[in-house]
Amino acid sequence: MEAIASISRPPPPYLPNVAKRARHDGSASGALGLPWTAPARASNAAARVSVHKPAGARPRPAPTLSEAEDRARRELPVWAGRTELLRELELNDSLIVMAETGSGKTTQIPQFLHEAGFSARGAIAITQPRRVAAITIATRVAREMGCALGTRVGYSVRFDDTTERGVTKLKYITDGMLVREAIADPLLLAYAAVLLDEVHERSVQTDLLCAIVKRAQAERRRALERARRGCGAGGGDGGGVAHGGGAGASPPSPPLKVVVMSATLEMATFSAFFGGAPCVHVRGRSHPVTCFYAAAPLDDYVEAAVTATLQVHCEEAGLRLDAGRDELPARAGDGADGDILVFLTGAEEIEAAAQLLNARARRLPAGCPKLLPCPMYAALSPAAQLRALEPAPRGVRKAILATTIAETSLTVPGVRYVIDSGLTKSRRFHAGKGVDTLQVVPISKAAARQRAGRAGRERAGKCFRLYTEHTFFNELEASAPAEIARANLAAVVLSLKALGVTDVTAFEFVQSPPRAALLAALEHLLVLGALDAKTGALTPTGSLMARMPLEPSYARALLAARAHDCVGPMLTLTAVMSVEGALFVRGGSGGAAGAGEVGARADGAAHDGGGGIAAAHSAADAARARFASQYGDVLTRVHAMGAAHAAGYNADWCRAHGLSKRTLASAERVRRQLCGLWARLVGPLAGAEREAAVLSEDERRGVRRALTAGFFARAAVRQPNGRYVALASREEVAVHPSSVLFSRKAPCVLFQELVLTTKRYIRELTVIDEAWLAELAPDFFDDDERA
DNA sequence: GAGCACTGC
């Protein structure tokens, strides 16, 4: 063990040992320049590999890799620890691997296990938090192993499963998919080993999977013990043990091997959770990144980010920002070599920064290379995202203005400088009020290191932090709170119940969520009819809900459609409401996503007027108005989806009607998936295949009643003074101005969303009859009246 | 009369 884990606690990369205050280039900074503090020396020890080379034969190279590629693969740091890893896994059921970026853990460790025979009695699952990662890594590994994707190596993500049971040995799978599989097969009998990757991200799903595999491990071990004892007691001699032999029982499955893979130092948490599992540390391969800090706190970080970008752009090109034409530097610097990645918090702010950058870039000193701002956030169309990833033209430096999307979800090549605002947007669930909020909060130290590391992917880089060194060391948390500690747990609790957990408050989580959140989730599921009030067990309805890839409230509403003769329309409704991404976008110049088109203009001269996001919003309002329903925003979406379906999702038609083809396409995919699921779980779809473009009045009434069955807790009634009060919380709420019901107030509405900004706004409304509430959710409203 | 970080089933 020691050989590999020669350093079980490596020095954190990027951190200076000595903080030296170093003003950049004397007094030159003037109005534009920001003063920085810099470390005494660049320090990133992670560039070295500290594991020894094991002796022993290695398998033959995969035929489809070139010799150079194969050599590169064997030189990945994780190869040095191959023998040790395998030996530890022979001796232990669980292993924690801390491997830094660039170590090759995700592609190589599964192959090590396969080659060593661990896959002989079951597949090896490798979980990934993101779809693209599962797909691209599986593709890469299939090539390394010289086989076609979908044979020995495959992936399984929503809507796309390329694996074949019994054939696929290495199965790259999204976290969520494996949780689904575990609901049908809690002992994970299809697998001989499960490798949980990127557990340091602490998503609800990986936390849940840790607990699931631990339980499966324990039960499979017990089953093995029982089989062994049973055989022994059954008499006979040694031979009987090897062959099993209980009356007709199938041979017990082998112990489940679990490898937990993380990229940060949080190993102790997971080691303790898995009963003191050994930890292995594998060095990564990244380049040193020098960090600079703001010398004093900054009040406007968008402004500061723009200033810092220009400063880095000029100074790294060998120019001083205030240098005049006569003072061109003797040393030419690096020209426009190396792009700048700027971390901001949201789309609106990024568009504002892009405009500011464009305006100020015009006033750069003569001889300064061009600077090209490139917005990057999830709402951008894929085409616009790709444009930001393309190499800049010669002599031009890109400034990629990104959200946290560039932290882990995608890698921007060519980045040499990172500017870090130190902030991110974070969603939090407030159990007491049952509302979600989205707030700008400081990032963690781990996230700050992750961001800085983005400058050192290809060569040595620099990171400029728009906060002080004191803030970094004394104010930032070591790591962000696990998602499970701040999320709405209704879906989690429903999954746990489906996994056979009777008492979720006693369940052993990697980190226990707040008790209040657990109780709120239980109560929510109880009033939805998913749990039995006496036993707390899943009801038949709850069991169906747990099998649907929907939020519990939507699942409940969908099931309620049976009683209201509107299953087909409700399938459309739940599909169109459960996809992310804007449905209504600006029409005209044609693009899948409205905001995307706005962002894509950043490289042109079009970034002049106030336009931007605000214009896209009002255009979306106009698109919404075309399909407006007197019954509210949800029915408006259903109308739009129905009309688009009738038009065959034609691209020109979508554009002309201000609808996002991309969002519609994913809604249609979800709808088809739900139809298939419904046919299997509930029964044949009588007439629901009719893709109702236009709903009858009865169907409109039906879906509003069905929706009430799932969302009664989010009802608001109009007061005599014209304002609304949310029934459950008794709080005053206001209709969001984007709603089709903004100027046409109904007496009673359901809302899908409550956002806290300048007011408590309710969004995505549906007009209902107040009497339905007591009829469809008597328990909930009886209690409420007594309260 | 305002504005949706990022994943995932």
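All chains are named by letter (A, B, ...) in the order of the sequence lines, taking the proteins before the strands, and each is independently numbered beginning at 1.
Note: CD (A/Gln439) to P (B/dG3) measures 14 Å, nearest angstrom. With rounding to whole Å, A/Gln205 atom CD is found 7 Å from B/dC9 atom C1'. Between A/Phe584 atom CZ and B/dC4 atom P there is a gap of 18 Å when expressed in whole angstrom units. Here the P atom of nucleotide B/dG3 and the CG atom of A/Leu754 are 13 Å apart, to the nearest Å. Following rounding to the nearest Å, A/Glu483 (CD) and B/dA5 (P) show an atom-to-atom distance of 17 Å. A straight line from CD1 of A/Ile762 to C1' of B/dA2 spans 14 Å, rounded to a whole angstrom. Taking atom OH of residue A/Tyr377 and atom C1' of nucleotide B/dG3, one finds them 13 Å apart after rounding to whole Å. Residue A/Ile350 contributes atom CD1, which lies 12 Å from atom C1' of B/dC6 at whole-angstrom precision.
No option in A/Asp420, A/Thr404, A/Thr408 other than A/Asp420 meets the side-chain hydrogen bond (donor to acceptor under 3.5 Å, both in side chains) test with A/Arg451.
For A/Thr404, counting side-chain heavy atoms from C-beta on, the closest listed nucleotide (B/dG8, B/dC6, B/dA2) is B/dC6. Distance from the side chain of A/Arg158 is smallest to B/dC9 among B/dA2, B/dC4, B/dC9. If you check B/dG8, B/dA5, B/dC9 against the side chain of A/Thr403, the one that comes closest is B/dA5. Comparing B/dC9, B/dC4, B/dA2 by their closest approach to the side chain of A/Lys425 singles out B/dC4. Counting only heavy atoms from C-beta on, A/Arg130 has its side chain closest to B/dG8 among B/dC4, B/dA2, B/dG8. In the set B/dA2, B/dG8, B/dC6, the nucleotide with an atom closest to the side chain of A/Glu551 is B/dG8. Here B/dG8 is the nucleotide among B/dC6, B/dG8, B/dA2 with the atom lying nearest to any side-chain atom of A/Thr174.
No salt bridge links A/Asp633 with A/Arg763; every basic N to acidic carboxylate O contact stays at or beyond 4.0 Å.
Mapping A/Met548 and A/Arg486 onto DNA chain B by nearest heavy atom places A/Arg486 closer to the 5' end of the strand.
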Side-chain donor-acceptor contacts of residues 128-136 of chain A below 3.5 Å, not counting sequence neighbours, with atom names and distances?
| unit_1 | atom_1 | unit_2 | atom_2 | d |
| --- | --- | --- | --- | --- |
| A/Gln128 | NE2 | A/Asp197 | OD2 | 2.9 |
| A/Arg130 | NH1 | A/Glu201 | OE1 | 3.1 |
| A/Arg130 | NH2 | A/Glu201 | OE2 | 2.7 |
| A/Arg131 | NH1 | A/Arg158 | O | 2.5 |
| A/Thr136 | OG1 | A/Val132 | O | 2.9 |
| A/Thr136 | OG1 | A/Ala133 | O | 3.4 |

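Nucleic acid contact class of A/Val204 (heavy atoms, under 4.0 Å, all strands): none. Within 4.0 Å (heavy atoms only), A/Arg131 reaches sugar-phosphate atoms of the nucleic acid but no base atom.
Aromatic ring pairs are classed by plane angle as parallel below 30°, tilted from 30° to 60° and perpendicular above 60°; the pair A/His736 and A/Tyr761 is perpendicular.
Under the side chain to side chain contact (heavy atoms under 4.5 Å, CB included) criterion, A/Ala211 pairs with A/Phe273, A/Phe507, sequence neighbours left out.
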